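Worksheet for the structure shown next.
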Number of protein chains: 4
Amino acid sequence: MARPRDTRVDEAILTATRELLAEAGYAGLTMDAVAERARIGKAAIYRRHATKQEMVFSAAVHGADLPDPPDTGSLRGDLVALVREIVDHLTNPAAAAAIPGLMGDLSSSPELAARFQDILVTRQQLGIEHLLDRAVARGELRTAPDVSLVHALVSGPVFAVIYVQNRSPEGLPEQLGTVIHAALAASSQNA
Amino acid sequence: MARPRDTRVDEAILTATRELLAEAGYAGLTMDAVAERARIGKAAIYRRHATKQEMVFSAAVHGADLPDPPDTGSLRGDLVALVREIVDHLTNPAAAAAIPGLMGDLSSSPELAARFQDILVTRQQLGIEHLLDRAVARGELRTAPDVSLVHALVSGPVFAVIYVQNRSPEGLPEQLGTVIHAALAASSQNA
Amino acid sequence: MARPRDTRVDEAILTATRELLAEAGYAGLTMDAVAERARIGKAAIYRRHATKQEMVFSAAVHGADLPDPPDTGSLRGDLVALVREIVDHLTNPAAAAAIPGLMGDLSSSPELAARFQDILVTRQQLGIEHLLDRAVARGELRTAPDVSLVHALVSGPVFAVIYVQNRSPEGLPEQLGTVIHAALAASSQNA
Amino acid sequence: MARPRDTRVDEAILTATRELLAEAGYAGLTMDAVAERARIGKAAIYRRHATKQEMVFSAAVHGADLPDPPDTGSLRGDLVALVREIVDHLTNPAAAAAIPGLMGDLSSSPELAARFQDILVTRQQLGIEHLLDRAVARGELRTAPDVSLVHALVSGPVFAVIYVQNRSPEGLPEQLGTVIHAALAASSQNA
DNA sequence: AACTAATCGAGACGGTACGTCCGGTCTTGCA
DNA sequence: TGCAAGACCGGACGTACCGTCTCGATTAGTT
C-alpha cells in the first residue's frame, strides 16, 4: 500500500560503494561520500543497511556469489578451477579493499560475523563437497576428505598470497591446485 | 642531559593495548582508553608510536616473535611444529583481535604494510627455508620447493581456520602438517 | 468531477496539532507525529498547509479569533474585558506553545509574518479603536490616543507575564486594565 | 595541571554566533557554520555549551547585561532611560534574532527557561526596584507599586512593538516612559 | 455501469543539521 | 626534557526531521 523501495536506489548505493572502495579503500570510505556519489540521501542507505559494515558487506561480498565450479573431468582440473574462482573473487578491487577491512570489525558484530561466514564459508564448502564427491565417484579418491580442511587448504593460501604476501596471484590456480591435488591423492592412499 | 623515557610507561602502554584488544576488539580500541587504562597521557603514547596502527602492531604482533622452530628430525615433525607455533601466535587474544584489524589498514599505509610483511612473512619464510634445507639434507626432498608457496600453504589454512571458519585450531597442527608433508613429498617425486 | 477533500481530515489534522503542541511543545512537534496521531498521511497535511509553520498557525492562532469585546459601559470595564480576552487566548495550551515558537520563524518567512500580524495585531487594533471611540463618545477621554501604543500597552504586558515572567495571569485583567485606564485618563487631561 | 580552556576560543564562538545570528537569523544558524566561522572544532563548542540553545543564549542574551539605569533625578526620566536600555538591548541584531527563536524552545527545556528568566526578568526587576525606591524617597510615589507589574508594563510593550507590531522603536522610550509615569502617579494617589 | 480524476494512508526519497566520538596535535604545570 | 591531564581541530558517524514524491486503493462526479 505504501511506496515500495526503489531498486535503482539499491543498485546506486552498491555501485557507489564498490567504486569508492576501489578508489579510496575501506578506511577512506565514507557514508556521506556514498550518498553523494549515488545521488541519494543518507537515510536511504540506512533504511537498507544498518551499519557501514553491512553496506560494505552487501556491496563487496554478498552478491558476488561464487558460481558453482564446473566439472572439468578431473579432480586436479576441478581444484584449479575452484582456486581460479576464489582468486577472481578476491582480486576484484572492491572485494580486495573490503574483505580485510571487514575482518577487523567481525569481532564487534556477531551478526555480521555469521553472515560473513555463511557467504564465505558455508556456500563455498557446498561446492567443495560436490567436487570431492565427483572425485570419489571417478575413483580418484577412496573417501572424501574433511571438507573444512580442504576449504582451508584452498582458500587460506589464496588469502595469504594476496593479502599477506601481497604477491600477484598469477599462476597460483595451476600451482596451488596441483599441490592440493597431490596432497589429497597421497592422503587417500594412506587412508 | 634530558630526562630519559620511563620504561614502565612503555610497558604500561603495550599491556593496556593488549588487554583492551582482548576486551573490546580492534574496532573498540581507542587511544583515550589505552591512555586511561595505562594511567598515562596520550602524548606519552604518541611519543613512542606514530599511529594507532603502529601501537597495536607493536603490542600484538611485534615482540611476539616466532622462535625458530626446532629440528624434530623429520620434515613432517618440523611442519607440525611450525604450524603449532603459528597457531599459538594467532590464538593469543590480543593478536587474534589485532591482526584482522590491522589488515584492513594496510592498504592505507605502505609503511605499515612493509613492517607487517617483514614480521609476518619474511622472518617466517627464513624459518621455512631452513626447515626445507634440512629436509633436502636428510634426503626427504629432492629439491627445496618454492618458499613462498610453502609459507602460503602453512600460514594460509591456519588463518582460514581461525579467522574465517572460526573453528577451534585443536588438532590442526597434526592434521595440516601431515597433509602438507604429503603434498611436498608427492611434488618432490614428480619434479 | 473528482473526489472532494474530506473535512474530517481537516479537523483531524488541526486537533492532532493542538494536542501535540500541548504535549510536546512547538519544538517537539513533528509532521510525522501529527500524521500518525491524526491517522492520515503526510501528503494530506501538505495538501492543506504549505509548511509546518502554517499548519501550526492555522491550528493554534487562526480560528481562535478574538470576538469583539463587549461594551461594558466604561473605559475601565472595556479594558479589563479586553485584557481578559487576550489572556484567555494566550493561556490556551496550544496557543501558548505555538506563539513563541512561531515568532522565532517569522523572520524567515515574510508571508507568515504578514498573516501573523494581521491576526494578532490588525484585528485586535480594530477592536481597540472601537473601544477608544466609545470612551471618547462617553466623554471619558478628550481625544483617542495612538491605537498602536494602546495595543502595545495592553498585549505586551500580558505577553510578558505569561511567556517571560512565567507567572499566573490570575488577577491580571483587573490589575492591568485599571493601570492602563489610569494612564489613558491622565494622558488625556494633559493633552 | 591540564591545559586550560582557551579564552580566545570562548570569544570566537560567541562572536561567530552573534555574526551568524545577524546574517542568517536563528533558524539559519548552524553549529557547523559557527565552528567554521570561528575556525574551531565542534567539540570545542559542545565542551562549553550543551546545546545550540544554550550557546545562542550565552551569545545573545547573557553577557549583554543591562547596566543599572542611571538616576536621572525624576521618576519619568528614570523610566524613559530604562525603556531606552531595553530597546537598545532588544534591537541589537543578534538579540533580535535570538530572543524570539529561543522563546520557542523554552517549553522543552526548563533549565534554559530558568536561566532565561533570571537574566531577562530577575536582574531587570532589581533595577526597577531601585528606581521605584528612589521615586518613593523623592516623594513622587507614596508607596512602591508591584515590581513584577511594572516590569511587565515596561518590557512587554517594547517587546510587542519590536517583535509583534514590527514597528520602529523610535520615540518609544519617551512615549512609553511618559505613559507609565502617568499610570504610576495616578495609581499612587488613589492608593 | 463504466470512466475519470483527485483523494486517501503509508512510507520512501533527497537534503540538511544535530550531537557524539576518535585520531593525532598542542599546551599547561609539576617533577 | 618527560610526564599526566586534557583542550584543540578536523571529520565521520548514525539519527531525526522537513517537504516532496510514489504506490495502490477509494471515492465522488461525469458519461
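Every heavy atom of this structure was used, including side-chain atoms; hydrogens, water molecules and symmetry mates were not. These numbers come from a predicted model, not from an experiment. Per chain, numbering begins at 1; letters A, B, ... match sequence-line order.
- Per the geometry, CG belonging to A/D10 stands 11 Å off P belonging to E/dG14, to the nearest Å.
- In this structure, C/H49 atom NE2 and F/dG19 atom P are separated by 12 Å, rounded to whole Å.
- Ion pairing between a basic and an acidic side chain is recognised when a charged N comes within 4.0 Å of a carboxylate O; D/D10 and D/R5 show no such pairing.
- Using a 4.0 Å heavy-atom criterion, one finds that C/R8 contacts no nucleic acid atom at all.
- Between C/K42 and C/E36 there is no salt bridge, since no side-chain nitrogen of the basic residue lies less than 4.0 Å from a carboxylate oxygen of the acidic one.
- B/D105 places its CG atom 11 Å from the P atom of E/dG23, with the value rounded to the nearest Å.
- Taking atom CG of residue C/D6 and atom P of nucleotide F/dT26, one finds them 15 Å apart after rounding to whole Å.
- Of the inter-residue distances, the one linking A/L102 atom CG with A/L112 atom CG reads 6.0 Å to the nearest 0.5 angstrom.
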A/S109 and A/Q53: CA distance, side-chain angles, deciding distance, side chain to side chain contact (heavy atoms under 4.5 Å, CB included) verdict
CA-CA 9 Å; A/S109 162; A/Q53 283 77 34; over 6 Å; no
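- For a distance-only test at 3.5 Å, the side chain of C/R3 fails to qualify as a donor-acceptor partner of the base of F/dA28.
- The separation between C/E36 atom CD and E/dA10 atom C1' is 11 Å, rounded to whole Å.
- One can place CD1 of C/I45 at 15 Å from C1' of E/dT7, the figure rounded to the nearest angstrom.
- Proximity of a side-chain donor or acceptor of D/T30 to a complementary backbone N or O of D/A33 within less than 3.5 Å is not detected.
- Computed from coordinates, the B/R48 CZ to E/dG23 C1' distance equals 18 Å when rounded to whole Å.
- Taking the centre and axis of the six-membered ring of A/Y46, the NZ or CZ atom of A/K52 falls outside the cone set by 45° and 6.0 Å.
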Go along nucleotides 15-21 of chain E 5' to 3' and tag each nucleotide: B for a protein heavy atom under 4.0 Å from its base, S when only backbone or sugar atoms are that close, - otherwise.
B-SSBB-
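- Spacing between atom CZ of C/R5 and atom P of F/dG29 amounts to 15 Å, rounded to whole angstrom units.
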